[in-house]
Each structure stands twice: as C-alpha cells, then as structure tokens.
2 protein chains.
Amino acid sequence: MVKNGNPGTGGVTLQAVAEAAGVTIATASRSLNDAYGVHPETKARVQRIAEELHYKPNRFARGLVTGRSDMVGLIVSDIRNSYFAEVARGVEDAALESGRDVMLCNSDLNAERQMKSVNSLLDKRAEAIIMNSVASLSREDQQKIAAAGVPIVLLNRPGRDTTFSTVNADNDKGGRLAAECLLRNGHRKVINLTGPKKHANLSRRSTAFIKTMEAQRGARVNTIHTINTMQGGYEAAIEIFRNLNGETAIATGNDAMAFGVMRAAIEAGVRIPRDISLIGFDDVELSAMTFPPLTTVRQPKYEVGRAAVEIVQQLLSSGSKTPIHRVVDVELVERSSVAKLTK
Amino acid sequence: MVKNGNPGTGGVTLQAVAEAAGVTIATASRSLNDAYGVHPETKARVQRIAEELHYKPNRFARGLVTGRSDMVGLIVSDIRNSYFAEVARGVEDAALESGRDVMLCNSDLNAERQMKSVNSLLDKRAEAIIMNSVASLSREDQQKIAAAGVPIVLLNRPGRDTTFSTVNADNDKGGRLAAECLLRNGHRKVINLTGPKKHANLSRRSTAFIKTMEAQRGARVNTIHTINTMQGGYEAAIEIFRNLNGETAIATGNDAMAFGVMRAAIEAGVRIPRDISLIGFDDVELSAMTFPPLTTVRQPKYEVGRAAVEIVQQLLSSGSKTPIHRVVDVELVERSSVAKLTK
DNA sequence: CTGAAAGCGCTTACAG
DNA sequence: CTGAAAGCGCTTACAG
C-alpha cells in the first residue's frame with residue numbers, strides 16, 4: 001500500500017498526536033476541533049501536544065468526510081486588468097478573514113476557458129465561485145453551473161439574476177452624480193459619450209446621466225455611442241472636436257474612453273478643462289495621474305470583491321439557495337478636468 | 001455516518017461508474033486514469049459511461065492516497081501592483097497548461113501574514129509555492145518553509161539562493177542597455193537616479209549602468225540615491241533641476257521614479273526630452289501612456305511568472321531538491337523620452 | 001467525557 | 001487483463 005505519511009508536515013498524523021497524549025484519535029480530533037464534550041484538561045493537553053509536534057491536519061482526509069475545502073474560486077477575465085486586481089484583493093482579504101483561500105482563474109471572457117475553470121474549481125471542491133460574467137456561456141452551461149449546487153456570485157451584472165447572486169456598482173447613482181457635478185459647475189449643453197447600446201452597465205449610467213441633466217431646465221445632452229475603450233473614446237473625440245457646437249463638457253461611460261478623449265484633445269489643441277470639461281467613470285489608477293487629473297465617479301472595486309465574499313458567507317452559513325443581490329455605493333471624485341463655467 | 005455523496009457533482013462516484021460498466025472500482029479507476037494493463041474495450045466503455053454519468057473524481061479521496069493536490073500557491077505582496085498582476089497571469093497560464101490551479105495570497109510584505117499564507121498553502125497541500133520574497137521572514141521561518149519539502153521559488157531575488165529556487169530579470173543587462181541607449185544618443189554627462197543602497201536589484205542595475213557609461217571615454221555619471229518610488233523620484237528631481245550642471249540625461253532605477261521626475265519636470269518647466277532626456281526601468285503599463293511616452297528597459301513580468309512554474313514542473317517531475325535559478329531577458333523599449341544629442 | 005468503529009471515495013500493490 | 005482488499009487520515013454517530 002501507499003505509505004506517504006503526511007507530506008509537507010513532517011508526517012505527523014492525528015494518530016501520532018493521540019498516542020502522545022494518551023487518548024484515541026476520536027478524542028484528539030474533538031479536542032483539536034474545539035468540539036463540545038471533551039474535558040478541558042484533556043483538550044488543553046491534546047492541543048499543546050499537537051502544537052509541539054507541529055501537527056497539521058490533512059485537508060484531504062478532512063475534506064473527504066466533511067465535504068468542505070475552505071476555498072473559494074474567483075474567475076476574472078484577466079487579472080492584469082486593474083479593475084479585477086482590485087476586486088481580487090477585496091476577495092482575498094474577505095476570504096482570509098473567514099479562513100478560506102482563493103483559487104484564481106483567468107477566462108479571457110472565453111466561454112471554453114471559462115467553463116474549464118468552473119469545472120476545475122468544482123473538481124477541487126471550491127465552496128463557491130465568484131465570477132466576472134457568465135454572459136459568454138451557453139444556456140446549457142449556465143444550467144450546468146447552477147446545478148453544481150455551490151453558490152455563484154456574478155460581478156458587474158446589472159439587474160437581478162434569478163439563479164445567481166450578483167454584486168454591482170450603483171450605476172444609476174453614478175450617472176446622476178456625474179450629471180449633478182456638471183450642472184453644479186454651470187454646464188448645460190453637454191455630450192454623453194457612451195458605449196454600445198447592448199452594454200447594460202454603460203447604458204444605465206447613460207440613462208441616469210441624461211435623465212438628471214434634462215431634468216434641469218434648458219439643459220441638453222447629445223448622446224454619442226462608440227466602442228467602450230480608449231481607442232473608441234479617441235476616435236469619437238476627434239469627430240466631436242471637429243463638430244463642436246457650443247457643448248462645454250463631455251461625460252464618458254468609463255475612464256478608458258475619457259483617456260481617449262484626452263489624447264484626442266492634445267492632438268486637436270483642445271485644452272481640458274479650459275476649452276472643454278471632461279468627467280469619467282470608474283476611477284482607475286491612471287485617472288489620478290493624467291494631466292489634468294480626471295474628475296470621475298469612483299467605483300468601489302475592492303468593496304465589490306468583499307461584498308461578493310460576504311454574499312458567499314451568508315449563503316453558505318444559511319444554506320439558502322436564494323440568490324442575494326448587492327449594489328455597492330459609488331462616489332464623485334473631483335479632480336481638475338471639470339471647469340466651473342463663469343457666464 | 002456522514003452521507004454526503006459527492007457534493008457538487010451530482011453524487012456520482014467511481015462505484016457508480018463501475019457498476020454501470022459492470023466492472024469493479026479497481027478497473028474503473030485504472031480505466032479513467034489511463035493506466036496500463038486494462039483491455040482497450042473495457043477502458044473505452046468505462047470512459048464512455050463515466051462521461052455519460054458526468055463522473056467527477058473526488059479530489060479529496062484521490063489526494064488522500066496520492067498526496068497530490070494539483071495546485072500551486074502564489075504569494076505576492078499585493079496583486080493590485082500591476083507588476084504582480086502580470087506575473088500572476090503568467091503563473092496561471094503556465095499552471096493551467098500542467099493541469100494545476102493556483103491559489104493566490106497577498107502578503108503586503110508583512111512577515112506574519114506571509115507566514116500565515118505559507119502555512120495555509122501547505123495545509124491545503126500546494127505542490128509548490130511561488131513567492132515574491134522571503135526577505136521579511138526570520139531565519140527560523142525560512143527554515144520552516146524549507147523543511148516543508150515542497151519546491152519554493154522566489155521572485156525577484158538577485159543572486160543564487162542556496163535553499164530556494166529563484167527567477168529574476170537580467171538587471172545587469174538592463175543597466176547596460178540603458179547606458180548604451182544614452183551613449184548611442186550622444187549623452188556623456190548623465191545622472192543615475194537609483195534607490196537605497198540595500199536594494200539589491202536596483203543596485204545591480206545601477207552598477208551595470210555606471211560601468212557601461214564609464215567605459216566610454218569622457219563619459220561621467222553622477223549617482224544619486226533616493227526612495228525608489230514616484231514620490232522619491234519627484235523629490236530628488238526637484239533638487240536635481242535646481243543644480244543642473246551640464247547633465248543631459250537621467251536614468252532611473254525604475255519607472256515609478258521616472259514618473260516622479262516627469263512630474264517635477266512639468267512643475268519646474270523643464271521639457272523632456274528637449275531639455276533633458278529620461279530613461280526608466282520596468283516598462284509598466286503607464287510608461288506607454290505618459291507624455292512623452294517613456295523610453296525604458298522592459299522587464300518580462302509575464303515570463304517571470306511562467307518561468308517560475310517551469311521551475312516548479314522540473315523540480316516536481318525530477319523530484320530533485322536542488323534549487324534552480326533562472327534569469328529572464330530584458331529589452332530596451334525606445335519611446336520618446338530620450339533625445340538624440342546634436343552637438 | 002471517551003472509545004471503538006464505520007465510513008468518506010479513491011489508488012494501488014498483490015493475486016490470479 | 002481484472003478483482004478483492006488494504007489503506008490514505010480524518011470525523012462523527014453510537015455506546016458506554
């Protein structure tokens with residue numbers, strides 16, 4: 001038979017601890033797990049001896065009987081995206097507090113790789129999976145995931161999914177905040193540079209932004225759709241600067257697009273915020289370092305990660321299957337890219 | 001007794017597959033593991049049935065007997081640091097190729113948290129640990145880690161550790177590349193803005209830089225030490241710009257410091273590269289986006305992650321305990337912050 | 001409060 | 001080529 005001792009721990013098993021303490025492994029196990037009904041003195045002795053022997057429980061053996069792995073899975077499209085790095089940190093910190101480790105997977109938003117990750121995570125008995133999106137998955141795959149029976153929490157999914165839990169930033173409030181900032185600074189005729197219509201998060205930001213602006217008498221917003229990247233923002237801005245017609249500010253759907261606008265502005269000789277004001281959305285790391293620093297709506301990325309783990313905890317401890325939905329707060333970060341209009 | 005079936009997989013066990021295939025679990029196991037000595041037809045049948053039943057082996061059970069977890073641990077100071085996000089991606093990709101998942105931990109370079117992570121990873125039977133640094137750990141802790149018997153690979157540790165494997169960028173070559181770039185563009189009197197003397201990586205870059213510069217007749221470098229951050233670079237640069245004495249270029253120990261120099265330049269009205277040239281080291285994401293884009297020496301972060309996993313593979317498959325050391329190549333990335341001097 | 005024992009679901013010598 | 005069986009190291013009802 002295989003005799004592998006207890007690799008990585010010097011081979012000390014519960015058995016060894018029990019012997020040294022003069023009890024059976026049953027009592028030893030109970031002592032170490034702080035269970036009820038073991039004499040305080042016995043418990044203390046066992047614990048001390050376990051310590052001395054550097055006993056480490058074999059998680060495989062424990063998992064085999066308890067079914068618990070003390071691990072959660074996190075699948076993001078790409079950890080190099082600073083948004084997800086922030087989220088991951090929030091996840092890790094919160095998971096650590098509950099004694100769990102996190103297994104990280106990158107999916108590149110590719111359905112096949114994503115499904116592979118899910119399977120691998122399930123294989124390794126992740127107690128829950130926190131994932132970026134499920135959008136690229138077939139209905140069939142989604143059902144398979146749901147059937148796995150472990151809590152799934154989706155990041156950045158607007159609206160309330162009926163089978164999965166979600167956590168999302170408050171896009172409505174964010175859109176409103178951006179509009180109020182512009183209004184407060186005297187802007188009335190503005191451009192809303194947003195992403196493709198099918199992009200649900202950007203659409204909600206846009207809708208809230210427009211609604212808030214237009215609630216103000218005499219305000220007008222010109223909405224432009226483009227690709228939601230720096231490049232998209234750049235190209236749209238070149239066009240915009242050519243056809244400027246009294247607009248005094250641009251609000252973009254995310255910071256990346258705002259950076260594109262900035263680049264186009266430099267090339268076109270348009271000065272921000274002197275000639276035109278600019279407000280973004282996200283507050284990525286770079287936003288504070290551009291010239292001028294970008295006024296934007298901050299998405300609490302780290303908190304999104306934490307919130308996801310909190311949902312997992314709730315679901316796990318209650319045993320409930322009912323998805324939980326959390327909307328995390330956003331806030332305005334005023335830097336220097338929005339000018340106060342003096343009429 | 002506990003009856004937890006096979007949670008997360010619909011409860012199908014090897015036993016179930018074996019029964020459906022009309023064999024014993026021994027044969028079923030061998031078929032699924034593609035072992036020798038099982039009739040091709042039997043094997044095919046078992047595999048087909050396992051597929052149909054959506055059989056997923058219970059990793060706990062398997063791990064209990066094999067001792068293998070198919071997971072590696074990665075401990076970085078902070079995943080939000082884009083350097084480590086890149087490394088992590090390299091690790092994940094390479095690990096995936098070998099069928100392993102990665103458990104991610106953040107240590108904040110804090111000895112206690114770091115040790116906790118190591119222990120947790122060992123607990124969960126990580127087959128190897130790739131970690132940022134071990135510098136903050138006591139000798140005792142380091143020995144404990146070494147004693148665990150799993151391969152450990154250290155990131156960014158210069159020189160050859162005798163007990164741990166390492167992977168590091170070629171700092172010597174990087175320093176040389178930076179110097180050659182300046183020399184080629186006609187710079188002879190330059191400033192080397194480096195970090196604290198005890199910072200081994202920065203010191204090596206600096207030493208190689210100086211050596212290469214001074215091998216050129218008539219070249220002279222003025223070395224200045226400061227904190228190796230943007231703020232450090234900023235503060236040092238303010239001082240530098242006040243006392244400029246014919247120097248035509250600044251080479252910094254990393255990009256962060258270069259960004260600090262850029263900021264100071266804007267404030268001091270010094271134009272880069274017109275008034276002074278600037279070359280960094282690292283090539284972080286931001287480096288391509290500054291104004292002007294920064295000429296720098298690229299560290300292959302992603303490759304560092306991959307190399308670490310390759311070392312793990314080698315060590316694991318050979319069973320060798322001898323540390324492996326890898327130096328990954330760097331390259332010059334010429335952008336616009338270095339001007340060609342026309343005498 | 002403690003022990004004897006079953007059982008978690010696998011893998012792998014050992015026979016045949 | 002296949003089976004019967006031991007064993008990996010735990011946890012937890014069941015007795016006492």
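None of these values were measured; they are calculated from a predicted model. Excluded from the calculations below are hydrogen atoms, water molecules and symmetry mates; all remaining heavy atoms, backbone and side chain alike, are included.
- At whole-Å resolution of the value, CZ in R68(A) and P in dT11(D) are 10 Å apart.
- Salt-bridge annotation for E127(A) and R100(A): present, with a side-chain N of the basic residue lying under 4.0 Å from a carboxylate O of the acidic one.
- Atom pair N58(A):CG and dT11(D):C1' shows a separation of 13 Å (rounding to whole Å applied).
- One atom, CZ of R62(A), and another, C1' of dT12(D), lie 13 Å apart when rounded to the nearest Å.
- Mapping A61(B) and G22(B) onto DNA chain D by nearest heavy atom places G22(B) closer to the 5' end of the strand.
- Between D70(B) and R59(B) there is a salt bridge, since a side-chain N of the basic residue sits under 4.0 Å from a carboxylate O of the acidic one.
- Looking at M71(B) and V102(B), their side chains never come closer than 4.5 Å, going by heavy atoms from C-beta outward.
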**Per-nucleotide pairing state of DNA chain C [Watson-Crick or G-U, under 3.5 Å; [ ] pseudoknot-crossing; | other strand]** = |||.||||||||.|||
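- In this structure, the separation between NZ on K124(A) and OG on S69(B) is 7.5 Å, given to the nearest 0.5 Å.
- With hydrogens and angles left out, the side chain of R59(B) and the base of dG9(C) share no donor-acceptor pair within 3.5 Å.
- Here the nucleotide nearest the side chain of V38(A), chosen from dT12(C), dT2(C), dG9(D), is dT2(C).
- When the side-chain hydrogen bond (donor to acceptor under 3.5 Å, both in side chains) test is applied to E52(B), the partners found at least two apart in sequence or on another chain are R48(B).
- At whole-Å resolution of the value, CG in L64(B) and P in dT11(C) are 11 Å apart.
- Nearest-nucleotide mapping onto DNA chain D: of T42(B) and I25(A), the residue sitting toward the 5' end is T42(B).
- Considering only heavy atoms from C-beta on, R89(A) comes within 4.5 Å of N106(B) through its side chain.
- Atoms CD (Q15(A)) and P (dC8(D)) sit 10 Å apart, rounded to a whole Å.
- Regarding K56(B), its NZ atom lies at a distance of 21 Å from the P atom of dC8(C), rounded to whole Å.
- Between the C1' atom of dG9(D) and the NZ atom of K124(B) lies a distance of 17 Å, rounded to the nearest Å.
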Can you give each donor-acceptor pair under 3.5 Å made by side-chain atoms of residues 302-312 of chain A, sequence neighbours left out, with the distance rounded to 0.1 Å?
unit_1: Y302(A); atom_1: OH; unit_2: D93(A); atom_2: OD2; d: 2.5
unit_1: Y302(A); atom_1: OH; unit_2: R306(A); atom_2: NH1; d: 3.0
unit_1: R306(A); atom_1: NH2; unit_2: E97(A); atom_2: OE1; d: 2.8
unit_1: R306(A); atom_1: NH2; unit_2: E97(A); atom_2: OE2; d: 2.7
unit_1: E310(A); atom_1: OE1; unit_2: R326(A); atom_2: NH1; d: 3.2
unit_1: E310(A); atom_1: OE1; unit_2: R326(A); atom_2: NH2; d: 3.2

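- When the C1' atom of dC10(C) is taken as reference, atom CZ of F60(A) falls 12 Å away, rounded to whole Å.
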